[in-house]
There are 2 protein chains.
Amino acid sequence: MTVSRVLRNRGDVSEATREKVLEAAKSLGYVPNKIAGALASQRVNLVGVIIPSLSNLVFPEVLSGISAELEDTGLQPVVGVTNYSPEKEEAVLYEMLSWRPSGVIIAGLEHTEAARAMLENAGVPIVEIMDVDGQGVDSVVGISHRRAGLHMAEAIIAAGYRRIGFLGTKMPEDHRARKRYDGFKEGLAEAGITLADEEFYQGGSALAKGREMTETILRRTPDLDFLYYSNDMIGAGGLLWCLDNGIDVPGRIGLAGFNGVDLLEGLSVRLATMDACRREIGRKAAEIIAGRPHQGLIGGEVIELEPVLELGDTIRKG
Amino acid sequence: MTVSRVLRNRGDVSEATREKVLEAAKSLGYVPNKIAGALASQRVNLVGVIIPSLSNLVFPEVLSGISAELEDTGLQPVVGVTNYSPEKEEAVLYEMLSWRPSGVIIAGLEHTEAARAMLENAGVPIVEIMDVDGQGVDSVVGISHRRAGLHMAEAIIAAGYRRIGFLGTKMPEDHRARKRYDGFKEGLAEAGITLADEEFYQGGSALAKGREMTETILRRTPDLDFLYYSNDMIGAGGLLWCLDNGIDVPGRIGLAGFNGVDLLEGLSVRLATMDACRREIGRKAAEIIAGRPHQGLIGGEVIELEPVLELGDTIRKG
DNA sequence: CCCCCTCCCGTTACCGCTAACATAGCGATT
DNA sequence: AATCGCTATGTTAGCGGTAACGGGAGGGGG
């Protein structure tokens, strides 16, 4: 018992015994068994984080925000990846909840019915992240992808472009991409414009796909004067293709992507984009999980962040 | 007890009771407590994975190999990130071991003394990945970064380049980058050549840094005819800078990076690089962890993979 | 001198599950 | 009918810690 007190820095132990315990622990190479500890104390210092993918670039950034915020709280993130599959999400969530984490951070608002039920009954703070367009189970931190798309449409129209094409992922399960798409079309519709053409892809290297799709769509509809890409990587691919083919950007054709991927800083021409506040989303979500027990919040906060439009060099000004 | 048997598919239970149990579990929203289960059975279906960073692009790929291989084994990866800090690594490892995972996959061969001791005494299979240049604790899966650097040097010299510069990260703790650097200089030395200049960076967007550094080094040493970058992202930045500035690649100057990052497929000019077998490393490591209990291997395997040189378009041929 | 309080350390009873063993039920075998 | 063998289910005792409480030693106040 005294050993337990020393190793957890809890309760009074004399300096003398404390040192003896620590020394003994070190010389034995003793590593306490958190499984037993967690079972006895009903406390687990883990936070489940469930995201669709790690190769998307966006999610590692969110994760980094989460880690940073959790750093000094004694909490530790545990990551699960769903590959955009709702069934996998359900399975991963089940697995995580069976470890009784102190909280769950999960991407998106769309879950299977069973997953939603588990979240509701988990009895710990839940934060759904990335997206605020919909109804959350508990707390929500994100941006409105619908409005992001809408604002981009407005900016494009304000810049004088009229023949607009959309390039994106096939998005059966990427709800956020779909919401941007919907918002974008809505924004165009407000100005009485409809999408002149669109092109979707699946899998493969995004940069290369961006090139291919750009070539395809411009061959099919040569009079397009703007291309809106559903993410920065395919946008960058398109931009490179335009530059290689001597197309005047943003004069002859304008381009924009989405996400504000730092990785692309360093292209000769900066792609117009919209920052999705990824690190910030991670931070806020972690803050909610970490703060809940102390502040005794009842939950259900909804934090909507504002994505910032960065015009870059691929939308003409004035 | 019967419930336990049903939920684990273990032992004989009649079909009738099995169904009753499952139905009851579902209607109660029962999620078994793995903490208690693990404590009682002394078995934990988690594999600790400790890597330096998630933003490096390389590690998510390794992870994806691990996840894929673990998919049907009932084992689940739990990721810890060290930010290239040995102290953080030690802390993360301690935290992980306190959950008594079924195995640990950890990047690199260099650890603090305490970390090494923990690995040795963990009593579960340990796989050190990425690097085989050194002495491992248990199993090792990776490539020889020293030889990767060396081979690149040979290829560059064979192509006729002589005034060679190196651009890389400041690498107090990136041992693999250092080993490539050492191997590279060794390769040059064999041909009686020494590095004509070098430049190091830290932090920031790699693409942008690649541009900056390339400009800096070429301004300082204008007669360089080859630049070897310690990773593909800064290499790509350098490549873009050269293209923007109308420098003839690979005629006037040759370029090469390291890693074979898929992300960059789609640049107009393919950067010479060396594939580091990242997914494969992940797969093999996971295979060792997953296979150990069944096959009763004693451990200590060393699997060295061969990185493949891809000449791309930035080293002149013949 | 007694009482009470504080500081330290020990005792006891779980936490929720599973390994191992015990037992009940029932048909087949001798 | 007694025994055996098998399947299906129940019982018991932990797993390695922690919460909650107990209690001895020492000190200060009345």
Side-chain angles (χ1 to χ4, degrees), chain A residues 1-46 48 73-76 78 93-104 118 121-124 293-294, chain B residues 1-46 48 74-76 78 93-103 118 121-124 293-294:
Chain A
M1 194 60 228
T2 299
V3 169
S4 169
R5 274 191 271 257
V6 171
L7 266 43
R8 288 180 300 147
N9 280 324
R10 200 166 293 244
D12 300 317
V13 181
S14 72
E15 195 50 39
T17 38
R18 147 175 264 98
E19 272 171 28
K20 267 197 287 183
V21 168
L22 288 176
E23 191 181 349
K26 173 157 282 183
S27 82
L28 292 172
Y30 174 74
V31 178
N33 186 330
K34 289 227 177 184
I35 299 177
L39 184 61
S41 67
Q42 308 284 358
R43 266 184 271 108
V44 179
N45 68 336
L46 300 177
T73 62
L75 258 35
Q76 250 213 327
V78 177
L93 178 61
Y94 184 79
E95 175 76 14
M96 283 206 166
L97 289 181
S98 72
W99 286 100
R100 303 289 187 270
S102 300
V104 173
M118 283 191 263
N121 299 322
V124 294
H294 308 299
Chain B
M1 196 57 231
T2 298
V3 170
S4 167
R5 276 191 271 257
V6 171
L7 267 43
R8 289 180 300 147
N9 281 321
R10 200 165 294 246
D12 301 317
V13 182
S14 72
E15 195 50 39
T17 36
R18 147 175 264 97
E19 271 171 29
K20 268 196 287 184
V21 168
L22 288 176
E23 191 181 350
K26 173 158 281 181
S27 82
L28 292 171
Y30 173 75
V31 178
N33 187 328
K34 289 227 177 186
I35 300 177
L39 184 61
S41 68
Q42 308 285 357
R43 265 184 270 109
V44 179
N45 68 337
L46 301 176
L75 259 34
Q76 250 214 323
V78 176
L93 177 61
Y94 185 79
E95 175 76 13
M96 285 209 164
L97 289 182
S98 72
W99 287 99
R100 306 286 132 100
S102 299
M118 282 191 263
N121 299 323
V124 294
H294 308 299

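Proteins get letters first, then strands, A, B, ... in listed order; numbering begins at 1 in each.
Contact annotation: S14(B) side-chain N/O to dT9(D) OP1/OP2 distance is under 4.0 Å. Checking the phosphate oxygens (OP1, OP2) of dA19(D), a side-chain nitrogen or oxygen of R8(A) falls inside 4.0 Å. Proximity of Q42(A) to the phosphate of dG16(C): a side-chain N or O atom is located under 4.0 Å from OP1 or OP2. For the pair Y30(B) and dG16(C), the criterion of a side-chain N or O lying under 4.0 Å from OP1 or OP2 is not met. Look at T17(A) and you'll find a side-chain N or O under 4.0 angstrom from OP1 or OP2 of dC9(C). Using a 4.0 Å cut-off, no side-chain N or O of S41(B) falls inside it from OP1 or OP2 of dA19(C).
Counting heavy-atom neighbours within 6.0 Å of E23(B) CD, excluding the residue itself, gives a total of 12 or less.
Closest to the L39(A) side chain, of the nucleotides dG17(D), dT11(C), dG16(C), is dG16(C). The side chain of D12(A) lies closest to dC7(C), out of dC7(C), dG10(C), dA19(C). The side chain of A40(A) sits closest to dG16(D) out of dG16(D), dC17(C), dG10(D).
Per the geometry, CG belonging to L7(A) stands 9 Å off P belonging to dG17(D), to the nearest Å. Atom CZ of R10(B) and atom P of dA8(D) are 17 Å apart (whole Å). Residue R18(A) contributes atom CZ, which lies 10 Å from atom P of dC9(C) at whole-angstrom precision. Remark: P of dG16(C) and CE of M1(B) are 17 Å apart, rounded to the nearest angstrom. Going from atom CG of N45(A) over to atom P of dG17(D) covers 15 Å, rounded to whole Å. Between R5(A) atom CZ and dT11(C) atom P the separation is 12 Å, expressed in whole Å. I35(B) has its CD1 atom 10 Å from the C1' atom of dG16(C), to the nearest Å. Rounded to an integer number of Å, the gap from K34(A) NZ to dG16(C) C1' is 20 Å.
With rounding to the nearest 0.5 Å, the separation of OH in Y30(B) from CG in L22(B) is 12.0 Å. Taking CH2 of W99(B) as the reference point, atom CG of L46(B) lies at 9.0 Å (rounded to 0.5 Å).
Taking all atoms of both residues into account, the shortest heavy-atom contact from N33(A) to I35(A) is OD1-N, 2.8 Å.
Of the possible donor and acceptor atoms, one in the side chain of S102(A) sits under 3.5 Å from a partner among the backbone N and O of V44(A).
Nearest-nucleotide positions on DNA chain D for R43(A) and V13(B) put V13(B) closer to the 5' end.
R100(B) contributes no side-chain N or O that forms a donor-acceptor pair with the base of dG16(D) under 3.5 Å.
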